[in-house]
Amino acid sequence: MVANIIDGKKISAEIKQSIAKKIEQRIKKGLKRPGLAVVLVGEDPASQIYVKNKRKGCEQTNIYSMAIDLPKDTTQEELLKTIEELNQNDDVHGILVQFPPPPHIDRQAVIEAISPLKDVDGFHPYNLGHLAQKVPLLRPCTPYGVMKMLKTTGVDLAGKDVTIVGASTVVGLPMALEMLLEHCTPTICHHSTKDLPAKVRQADIVVAAAGKPELVKGEWIKEGAIVIDVGINRLPDGKLVGDVAFEEAKKRASWITPVPGGVGPMTIAILLSNTLEAAELAD
Ligand code: GUN
């Protein structure tokens, strides 16, 4: 078997087109143009690239982009004050603080300072709680993007065994909640998981989100499984690879996402879609 590719670039371009159309209609009706504030603290090179892509996504969809770049020695108090000002700003419907912040910043305080109605990352306990209660509002971008990709395969998701590799609150945990909404049976694996290969081998769907280059080996993939690779790792030679050994996994999977051009562009498309949704919540 050679897997079909789930083309995140193509799917995300379609989503962005649909967002741009809806925004055009909003503006014709005299409604506000959605606005997204992307806050970057410090100069982490990977974060700078992610933030640049998010701001570019705003341009492509006619979302008003407010760029706030703060120095790496910004205090916790200064950052929370900036967030509070954005909470009060009617031109800003979505607020995103790029993670990871510098180590002196309390990440949880940042998450909880953002108004839940502007929390386009879906990280606030209010939004994560709504997802856990199966009445989602603003949903974490990457897991929701993964669900959109899975839907394009046409495969019936109900009853599928899903192994999620990585238990982060940004991807692994909300991913399991999204899978439950589709009546899948998720297993979340982490550092202390016994026998990771066995957990992957029994999966109909594998979602790799551990941030470790090619951690998931091709031979672990069940014949015909769907493989979603959330990882983006840069090797010392500059090459970008995912958390899955792509070339080997491709020979066993029915569907697989590439890196780059897979989940990455979907995360941004959902961020923009969440910004539009937040603007609609504010109407
Ligand atoms: N850093 C890596 N992924 C994300 C994300 O989805 N949102 C934010 N705010 N920071 C990130």
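Whatever order the structure lists them in is the order used to number ligands and atoms, beginning at 1.
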Legend entry - Lys32 with Asp90: basic N within carboxylate O range, under 4.0 Å: no

Legend entry - Residues Glu24 and Lys21 bridged, charged N to O under 4.0 Å: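 Here Glu24 does not pair with Lys21 in a salt bridge, since their nearest N and O are not under 4.0 Å apart.
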
Inset, instruction - Indicate, as side chain, backbone, both or neither, the part of Phe123 found under 4.0 angstrom from ligand 1 when only non-hydrogen atoms are considered. - result: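 Under 4.0 Å from ligand 1, Phe123 contributes side-chain atoms alone.
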
Inset, instruction - Tell me which part of Val97 gets within contact of ligand 1: side chain, backbone, both or neither, using heavy atoms under 4.0 Å. - result: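 Backbone only; the side chain of Val97 stays clear of ligand 1.
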
Legend entry - From Asn233 atom CG to Glu214 atom CD, the distance as rounded to the nearest 0.5 Å: 8.5 Å

Inset, instruction - Please round to the nearest 0.5 Å and tell me the distance separating atom CD1 of Ile114 and atom CG of Leu86. - result: 8.5 Å

Legend entry - Test of proximity, Thr267 against ligand 1: N or O pairs below 3.5 Å: no

Legend entry - Sub-3.5 Å N/O-N/O distance, Asp121 and ligand 1: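 Yes: some nitrogen or oxygen of Asp121 is under 3.5 Å from one in ligand 1.
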
Legend entry - atom 3 (N) of ligand 1 touched by protein heavy atom at under 4.0 Å: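 Protein heavy atoms within 4.0 Å of atom 3 (N) of ligand 1 - there are none.
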
Legend entry - Remaining members of hydrophobic cluster (4.5 Å side-chain criterion), Val244: Ile5, Val165, Leu196, Val200, Val206, Leu215, Val216, Trp220, Ile221, Val227, Phe246, Ile256

Legend entry - atom 1 (N) of ligand 1: nearest protein contact (heavy atom, Å):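 Closest protein heavy atom to atom 1 (N) of ligand 1: Phe99 O, 2.9 Å.
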
Legend entry - atom 11 (C) of ligand 1: the protein heavy-atom neighbour that sits closest, reported with distance to 0.1 Å: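 Atom 11 (C) of ligand 1 sits closest to the protein heavy atom Gln98 NE2, 3.4 Å.
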
Legend entry - Heavy-atom gap Leu96 to ligand 1 smaller than 4.0 Å: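 Flag set, Leu96 near ligand 1.
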
Legend entry - Which residues share a salt bridge (Lys or Arg N to Asp or Glu O under 4.0 Å) with Lys81, sequence neighbours left out: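 Once residues adjacent in sequence are excluded, the partners of Lys81 under the salt bridge (Lys or Arg N to Asp or Glu O under 4.0 Å) criterion are Glu85.
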
